[in-house]
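Each remark here refers to the structure printed beneath this line.
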Amino acid sequence: MSRKKNNTGANSIYRCCLLVAFILAGTMHSFAQNSDSSVVDKESKSQARVTGLRYITVHVLELEKSLKLYREILGFQLSEAEVLHGPGLEGMLVMKLKSNDLKIGLSVTAPEFLHTIGPVGNTNHNHFMLKVNDIGPIGDKLKEEGYKLENENYARDKYTFFEGPNGEIIGLSSWD
């Protein structure tokens, strides 16, 4: 019987030591992750990446209903409006609405210019513009992956558009 007690005591000490080893290993693993995460944070700050949403543009088919929704119901304010000119853009009116830091563009094409609307992928269709910290490396990577960029001078002009894998039109901008 005394042998059993000694064995049980040894087992308790063994279990205790094992538990302490697991706790220490977990603590060291957690510390290593925290140390690594600061390195990852520093790296991600220097890497080209999306930093926010610049704006969304919606091609409007029913102007009165759209204005009622965005202004009267959702509370957006009209900040500016401009008529665009250029191939595929002629006769297009863009009304820019703001709510706090969110911008939405409502684009309307005059009926006499509907035939000038370019193919899907042209910027006068529905799209969203992402804010990026460095467009050059991102544009280069997109081209490497086979995406066709609308603006080949994206690094100089600080913007481009491309079609995503689901047909969505995505804009990238590194404007200040």
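Every value quoted in this text rests on a predicted model; they were computed, and no experiment measured them. Values below: every heavy atom of this structure, side chains too, minus hydrogens, waters and symmetry copies.
- The local environment of CD in Q77 is sparse, with at most 12 non-hydrogen atoms from other residues, nucleotides or ligands closer than 6.0 Å.
- Considering CE of M95 and CG of L78, their distance stands at 7.5 Å, rounded to 0.5 Å.
- Sorted by first and then second residue, the salt bridge (charged side-chain N to carboxylate O under 4.0 Å, His left out) pairs with a member in residues 53-66 read E62-K65; sequence neighbours excluded.
- To the nearest 0.5 angstrom, L67 atom CG is 11.5 Å from I73 atom CD1.
- The CZ atom of F162 sits 4.0 Å away from atom CD1 of I170, with the distance rounded to the nearest 0.5 Å.
- M129 and W175 make their closest contact through CE-CH2, 4.2 Å (heavy atoms, listed as atom of the first residue, atom of the second, distance).
- In this structure, the separation between CZ on R156 and CG on N153 is 4.0 Å, given to the nearest 0.5 Å.
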With side chain to side chain contact (heavy atoms under 4.5 Å, CB included) as the test, would you mind laying out the steps for I56 and V58 before giving the verdict? CA-CA 7 Å; I56 298 169; V58 178; 4.2 Å; yes

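- Between E163 and I169, the closest side-chain pair of non-hydrogen atoms falls below 4.5 Å.
- Looking at heavy atoms from C-beta onward, L74 lies in side-chain contact with L69 at the 4.5 angstrom threshold.
- Remark: the backbone N or O of Q47 is paired with a side-chain donor or acceptor of N133 at under 3.5 angstrom.
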Checking side chain to side chain contact (heavy atoms under 4.5 Å, CB included) for the pair K158/D176: CA distance, chi angles, key distance, verdict? CA-CA 9 Å; K158 298 185 178 185; D176 294 327; 4.3 Å; yes

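- How far CZ of F76 is from CD1 of I104: 3.5 Å, rounded to the nearest 0.5 Å.
- Between K103 and E80 there is no salt bridge, since no side-chain N of the basic residue sits under 4.0 Å from a carboxylate O of the acidic one.
- Counting all heavy atoms, side chain and backbone alike, I135 lies closest to T160 at CD1-N, 4.0 Å.
- Distance check: I138 CD1 to R49 CZ gives 9.5 Å after rounding to the nearest 0.5 Å.
- Without hydrogens or angle criteria, S173 side chain to Y159 main chain gives no donor-acceptor distance under 3.5 Å.
- The shortest distance between side-chain heavy atoms of L142 and L172 falls below 4.5 Å.
- Residues E152 and K143 form a side-chain contact, since some pair of their non-hydrogen atoms from C-beta on lies under 4.5 Å apart.
- A 4.5 Å side-chain heavy-atom check between L106 and V94 finds every atom pair outside the cut-off.
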Can you check side chain to side chain contact (heavy atoms under 4.5 Å, CB included) on K131 and L53, steps first, answer last? CA-CA 5 Å; K131 183 177 180 181; L53 177 66; over 6 Å; no

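- Taking both residues in full, the closest heavy atoms of Y147 and P165 are given as OH-CD, 3.9 Å, listed atom of the first, atom of the second, then distance.
- When ring centroids are compared, Y55 and H127 come within the 6.0 Å threshold.
- S79 places a side-chain N or O within donor-acceptor distance of the main-chain N or O of K96, the cut-off being under 3.5 Å.
- Looking at every heavy atom in both residues, G136 comes nearest to A155 through CA-CB, 4.5 Å.
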